[in-house]
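Working notes, beginning with the structure itself.
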Amino acid sequence: MRLVAQALAGERGGEPVFSGVSFSLGEGDALTVTGPNGSGKSTLLRVVAGLLPAAAGTITFEGGGEEWPTPRSAAHFLGHQNGMKTALTVDENLRFWREFKGEPHLESQEALEMMGLGEIGHLPFGYLSTGQKRRVAIARLLVSYRPIWLLDEPTAGLDAASEAQFAELMQAHLEDGGMIMAATHLPLGLTAATELRMGAGAAA
Amino acid sequence: MWALYIRDVQLGVRAGGGALVGIIFFLTVVAVVPFGVGPDLNLLARIGPAILWVAALLSVLLGLDRLFQADREDGSLDLLLIAGQRHMSALMVFVKCLAHWTASVAPLVIAAPLLGLFMNMEPVAIGAAALTLLVGTPAITFIGAAGAAVAVALPRGGQLVSVLVLPLAIPVLIFGVSASYGAVTDPAPFLPPFLILCALTLFFAVIGPLAAAQALKWSSD
Amino acid sequence: MTDLANPTRFIALADRLVPWLGGLAALVIAVGLWMGFNAPEDYQQGITVRIMYIHVPFAWLAMFIYTAMAAAAFGTLVWRHPLADVSLKAAAPIGAVFTALALITGSVWGKPMWGTWWVWDGRLTSVFVLFLMYLGLIALTRALDDPTRSARAAAVLTLVGVINIPIIKFSVEWWNTLHQPASVVRLDGPTIHPSLLWPLLISALGFTLLYATLHLMAMRTEIWRRRVISMRRMAARGAETAA
């Protein structure tokens, strides 16, 4: 399986924010997208996820077969928001995504335990702290399986211990043959990640 | 998909959900009309079906602006759209509409016969009004979904949804009310407008979600 | 009074009171209704007059409970009494149910008497508006998960409602006499006979006791509910330090 971008360009509000971005990710590869604010990191991720149309260039997912014909069908997307309902319990939230996204992987309880949140499945999501909410959102990546993880500032709001936990999870995902593409300006603790620098001049 | 339906119904009826407020709004609107037109029971009996329909239309619209807005604010909408390969986005919208209808609109249909009594309507008229509401309100939800999707990215989208959707819902209102009247007043037929109402609901059940899914795709940024 | 301010003591007291109050309520209601069914029939209304023995207590409780809620609202705003808000929130659904029952029994009574389920007569309409006010309050108290934030809003709304009730009553009656020709037979029968009055008073007492029981139970539930919320919040915080 291979995620390939060729001369990708993206725009926001009619303004081009980046252009000519090419990369290729194979199984077990990680790509960190870095760069100053406004350099188009989030836009790039949204283009890859299929939420925004590419202004130019192509993004394809090779070898996914019938199951994952496009990048967006093969991807987990973790955006700035957590995608959880405050009125439902953590467990209800995760089980919803597990069922909705299909290809169930871990049970929601197992996924929570991986993020050190085994105790709080029965609590309404709204009661959690910012860091806990983020960890629940990360647990969502584990309840159903996708080869590609698209992560937009995944560690925002996490403390050092949780960051380390998350780094282990990402490492395990890569060793499993997964791919990770993360927009960040903090080191994620990935040992063998290529870096894609966005920003004026660097993107070309 | 079933999971999405369950989740949306749960959110609607749980504390803080809009379902309860929608029903109270319906009751209040219906209750306010007699104060405007006077307590003449004959008059109320005559305009009863129309009042029920207008009140139902307004209360359905009241909750609709949150249909996608809430999902957009917490990021779920992105995830629902990404899953579009697996679950067609239009189908996702359709399921959300059904859930919204179950949680917020079906109670109105159940409450409508009771309010018919307040309007001194005849039993047949009450039955006809409830039946037309049952068949016709999904159409309003489906049209409303398209409006809600168009307005989802806009600030103050809520009022805009009503403004956008009300004119589009007029045919539903026309045939809903005329079918209710057809059941009681003699020369007017019941079945033709009722069947047209059914057709409208089926038609909008396809058009609404398709349009909404397209609008949502364009609105994401 | 200061003892009762402590929710734990309140719960202990409620635990002891609820069975007795409930039993007493059941007994008094049974006696009242039994007497009601053995009271002579009204010469004008026949057997239908018996619905009075539940309808009038319901209508009286509809107003009484709102008054109690207004007192609780006053307690919330002036003394910041921790139980006042619990009391208000617990009473609202009970009041709404009794008001709905008053409306339903009233229209069941009205059907044979007036020939229609409902007339927009001054008194009926006022009760209906009261019902809508109850529903609004329930929606408001349920809208926020956090009790401290909804407490004051509900209290203010309740008090505004109290001030408004005479105005609503007055305007509704004025509205009705202005519009409506005397098409409806008013229920101004002869003054009530003691043989009818006693069962009525007893069943009113019984239903009031029932209300007191339900209110205590609802308050107890509401206190427990709030404890569950704060325990859950603590659990969320606790999980953080443990991790």
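By convention in this document, chain letters (A, B, ...) are assigned in the order of the sequence lines, proteins followed by strands, and residues within each chain are numbered from 1.
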To the nearest 0.5 Å, how far apart are CG in B:Leu41 and CH2 in C:Trp118?
11.0 Å
Heavy-atom closest contact (C:Ala139 atom, B:Leu20 atom, distance):
CA-CD2, 3.8 Å
State, to 0.1 Å, how close B:Phe35 and C:Thr125 come at their nearest heavy-atom pair, and which atoms those are.
CZ-CG2, 3.2 Å
Which pair of heavy atoms, one from C:Leu135 and one from B:Ile24, lies closest together, and at what distance?
O-CD1, 3.2 Å
For C:Arg80, does the CZ atom sit with more than 12 other heavy atoms under 6.0 Å from it, leaving out its own atoms?
no
Quick check: do B:Phe118 and C:Trp117 have side-chain heavy atoms less than 4.5 Å from each other?
no
Look at atom CE of C:Met217 and say whether more than 12 heavy atoms of other residues, nucleotides or ligands are closer to it than 6.0 Å.
no
B:Leu114 versus chain C, the contacting section by heavy-atom distance below 4.5 Å
neither
Is it true that atom OH of B:Tyr5 has more than 12 heavy atoms of other residues, nucleotides or ligands lying nearer than 6.0 Å?
yes
